[in-house]
2 protein chains.
Amino acid sequence: MVRPRLKDVAELAGVSIKTVSNVVNDYPHVSDETRARVEAAIAELSYRPNLSARSLRAGRSGVVALAVPDLDNPYFAELATNVIEAADRRGWTVLIDQTQGDRAKERVVISGIRDHLIDGLLFSPLALTGKDLAGRDERTPMVLLGERIGTGRSPYDHVGIDNVAAARAATLHLAERGGRRIAAIGVQRTAAAATGRLRLKGYQQALAEAGVPADPSLVAPVARWGRADGAEAMSRLLDAGAPDAVFCFNDTLALGALRTLLKRGYAVPGEVMVMGFDDIQDGRFATPTLSTVAPDKALIAQSAVDLLAERLSGGTGRAHEVCAPHRLAFRESTDVPGEGHSRTLN
Amino acid sequence: MVRPRLKDVAELAGVSIKTVSNVVNDYPHVSDETRARVEAAIAELSYRPNLSARSLRAGRSGVVALAVPDLDNPYFAELATNVIEAADRRGWTVLIDQTQGDRAKERVVISGIRDHLIDGLLFSPLALTGKDLAGRDERTPMVLLGERIGTGRSPYDHVGIDNVAAARAATLHLAERGGRRIAAIGVQRTAAAATGRLRLKGYQQALAEAGVPADPSLVAPVARWGRADGAEAMSRLLDAGAPDAVFCFNDTLALGALRTLLKRGYAVPGEVMVMGFDDIQDGRFATPTLSTVAPDKALIAQSAVDLLAERLSGGTGRAHEVCAPHRLAFRESTDVPGEGHSRTLN
DNA sequence: TACCTGGTTTACAACGATGTAACGAACTGG
DNA sequence: CCAGTTCGTTACATCGTTGTAAACCAGGTA
């Protein structure tokens with residue numbers, strides 16, 4: 001009933017503990033006969049190695065942590081899926097932390113409390129400042145996902161996308177399709193919120209470039225990036241005078257905005273075009289389907305895992321910066337009939 | 001640079017290893033002066049206990065595994081969120097396994113390969129059979145989520161909902177609202193797929209009860225329960241002669257079906273009503289908003305964690321069966337104007 | 001002074017696995 | 001026939017932590 005140890009197997013097979021260990025670890029110099037006897041004993045007791053003991057001995061656990069704000073958010077859920085798959089390919093197990101984008105919780109994550117349980121950390125922070133990061137003791141390798149934090153050169157590997165360029169391209173698309181009053185939903189008042197700032201920057205660049213007037217009243221702030229926030233922000237925008245296009249800083253905001261528009265009787269894309277960011281599954285099945293910026297999530301996850309693997313195998317060079325590619329997915333929500341051909345990509 | 005151990009702290013503080021351990025573990029009989037010295041040393045070296053060593057010693061790791069088919073599916077993502085929160089309240093960390101609903105992977109999960117890393121397992125299987133379960137050696141406590149597996153009395157605690165009753169209520173609602181050709185999307189041909197069978201049963205019961213003819217051609221099978229499957233199944237149904245209502249066995253199927261309906265020009269709920277199951281966030285922001293069966297996910301997660309905790313603290317009684325409550329959320333997708341008052345709950 | 005009491009601290013042995021070094025036995029070659 | 005090699009196996013120490021039991025040191029009591 002109690003879990004068998006190497007010792008139990010050894011006694012049953014009539015060999016030493018180490019020989020059993022050797023069989024378990026495929027050590028080559030074990031005679032066929034001994035190996036067979038040991039394997040039989042292992043099967044009989046259904047022995048499983050104790051991973052805690054192994055980690056202790058090896059100094060490795062085979063577990064990496066993924067810290068994200070919230071799995072409720074489909075973007076992070078999809079990212080987590082990809083991370084788990086990539087980790088699986090390396091034989092790693094993924095342990096998930098939810099920070100709720102809360103600075104205190106994010107600090108706990110980097111504090112190293114779990115450092116001895118995990119071999120590495122994949123971290124997608126929202127509220128952390130450069131100072132928080134600087135205070136970290138760097139014993140457990142960490143790869144940052146999403147936005148770069150702080151200004152100076154960070155000692156941490158980082159995987160992200162070019163938010164400014166992506167937002168710029170998305171906004172330009174709206175302008176090309178005839179948007180003259182292009183709103184933006186997603187700026188946040190908090191000090192951290194780097195991603196929002198970058199996307200705002202891209203949005204502003206695009207307006208300037210396209211010669212579309214930048215109206216500050218068309219920039220709608222939100223508390224968080226959920227559907228409800230998008231819906232509410234859209235409501236405010238409409239009350240203040242309807243825009244003819246909206247660039248939302250992520251897809252859940254966009255789906256919320258879309259909901260408000262349709263509920264209040266606006267035709268999308270006829271009267272108002274909507275563009276999102278992230279390419280979550282929901283957007284492909286919304287009506288109208290949601291145009292969006294599609295970052296390569298699989299590549300982001302794979303790169304992050306690869307970077308971590310490199311650090312784990314002793315890589316000590318300076319921090320790597322990976323900028324994952326993105327593409328624009330033009331779907332129905334920006335597909336104005338008669339305005340040029342539809343460049344729907346999928 | 002290397003991680004400090006108790007020994008290093010002890011040397012710096014000029015005390016024994018055990019005293020440091022006592023300080024770390026809040027053992028009461030340590031003099032204030034010693035405690036202060038030790039704490040200073042801990043801070044100076046920024047010592048963190050090695051959790052692998054602790055687990056080895058304690059026989060506990062503080063880690064539980066949650067095995068679900070796929071975090072991409074919002075239902076499981078939301079469930080995972082709740083589980084992580086509930087586990088957090090007990091000081092546990094959650095490690096996530098994705099099985100893809102694949103029987104081979106599900107068998108690996110129960111095989112106990114990780115038994116020594118985790119204290120317990122929360123498992124939401126899709127493809128597993130009673131036989132697979134019976135072969136498990138029961139050393140690590142496991143709580144099953146979702147459908148009951150096999151026919152006989154299972155030795156495992158289980159948390160689920162009354163699928164038959166829920167599906168029946170959902171279908172009755174469609175009938176009350178005037179549905180006469182009520183379709184169902186979600187039966188699967190695979191042997192496992194117990195959940196689908198139960199929901200089908202509830203659907204059929206409701207039809208009989210409401211005196212609505214049961215037309216087998218209105219029951220649309222699908223391969224999986226994703227949005228694309230729902231969209232495709234709806235397409236087939238429409239081709240064969242449009243129903244006036246559809247009960248989808250989960251919300252992603254429903255969102256897919258909704259997409260097809262709107263794309264092909266059907267008014268929802270005017271011409272076809274749509275009902276889902278799960279109450280995922282997306283449904284609340286779809287247009288029209290999606291009526292659905294809302295299981296109490298927080299309670300499911302909490303119960304599962306509680307049951308596991310009980311087993312971990314030595315509880316050995318017979319298996320518990322928890323049937324979590326559900327309610328119906330009536331939203332726009334079944335809200336036929338003029339057909340009685342609208343019982344929208346949220 | 002000798003003894004007890006109770007708080008404080010310590011040495012030691014586990015927890016289960018694996019790397020190291022060393023052992024005996026069976027070969028090889030000179 | 002013996003030194004040298006290879007193969008299979010083993011004893012031992014170790015990873016970092018904590019429970020146990022015992023040692024130590026006051027202060028109080030007899």
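Proteins come first, then strands; the chains are lettered A, B, ... in the order of their sequence lines, and each starts at number 1.
Counting non-hydrogen atoms of other residues, nucleotides and ligands closer than 6.0 Å to CZ of B:R37 gives a total above 12. Other residues, nucleotides and ligands place no more than 12 heavy atoms under 6.0 Å from the CZ atom of A:R318. The local environment of CZ in A:R103 is crowded, with over 12 non-hydrogen atoms from other residues, nucleotides or ligands closer than 6.0 Å. The environment of CG in A:D32 is sparse: at most 12 heavy-atom neighbours from other residues, nucleotides or ligands sit within 6.0 Å.
Proximity of residues 55-62 of chain A to DNA chain D (heavy atom under 4.0 angstrom from any strand atom) is restricted to A:L56, A:R57.
For A:N25, a side-chain nitrogen or oxygen approaches OP1 or OP2 of C:dT18 to under 4.0 Å. Proximity of A:S52 to the phosphate of C:dG16: no side-chain N or O atom is located under 4.0 Å from OP1 or OP2. A close approach under 4.0 Å does not occur between any side-chain nitrogen or oxygen of B:Y27 and OP1 or OP2 of D:dT20. Close to D:dT9, at under 4.0 Å from its OP1 or OP2, lies no side-chain N or O of A:S16.
Considering only side-chain atoms of A:L6, the nucleotide from D:dT10, D:dG19, C:dT18 that sits closest is C:dT18. The side chain of B:N50 lies closest to D:dT17 when the candidates are C:dT8, C:dT10, D:dT17. For A:R54, counting side-chain heavy atoms from C-beta on, the closest listed nucleotide (D:dT18, C:dT18, C:dT8) is C:dT18.
Fit an axis to the five pairs at each end of the helix from C:dT1-D:dA30 to C:dG30-D:dC1 and the two axes sit 60° apart, to the nearest 10 degrees.
To the nearest angstrom, P of D:dC15 lies 7 Å from NZ of B:K7. Remark: C1' of D:dG8 and CG of A:D32 are 12 Å apart, rounded to the nearest angstrom. The distance from atom CD of A:E11 to atom P of D:dT10 is 13 Å, rounded to the nearest whole Å. Per the geometry, NE2 belonging to A:H29 stands 15 Å off C1' belonging to C:dG19, to the nearest Å. Atom CG of A:D8 is separated from atom P of C:dC15 by 11 Å (rounded to the nearest Å). Rounded to whole Å, the distance from CD1 on B:I17 to C1' on C:dT10 is 11 Å. Atom P of nucleotide D:dT9 and atom CZ of A:R37 are separated by 8 Å, given to the nearest angstrom. Taking atom CG of residue A:L51 and atom P of nucleotide C:dG16, one finds them 13 Å apart after rounding to whole Å.
Donor-acceptor pairing under 3.5 Å is lacking for the side chains of A:N22 and A:T19.
Residues A:L56 and B:A53 approach most closely at CD1-CB, 3.8 Å, considering heavy atoms. Across all non-hydrogen atoms, the minimal contact from A:A87 to A:V305 is N-CG2, 4.2 Å.
Along DNA chain C, the nucleotide nearest to A:K18 and the one nearest to A:A53 differ in position, and the one closer to the 5' end is contacted by A:A53.
Residue B:T19 is in base contact, counting any heavy-atom pair closer than 4.0 Å across all strands shown. Across all strands, A:V15 comes closer than 4.0 Å only to sugar-phosphate atoms, never to a base (heavy-atom distances).
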Report task. With ring-ring contact (aromatic ring centres under 6.0 Å, His included) as the test, would you mind laying out the steps for A:H29 and A:Y27 before giving the verdict? Result -> CA-CA 6 Å; A:H29 301 304; A:Y27 178 74; 5.7 Å; yes
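Here the side chains of B:Y156 and B:I110 are not in contact, with every heavy-atom distance at 4.5 Å or above.
With salt bridges taken as basic N to acidic carboxylate O contacts below 4.0 Å, one links A:R90 and A:D306.
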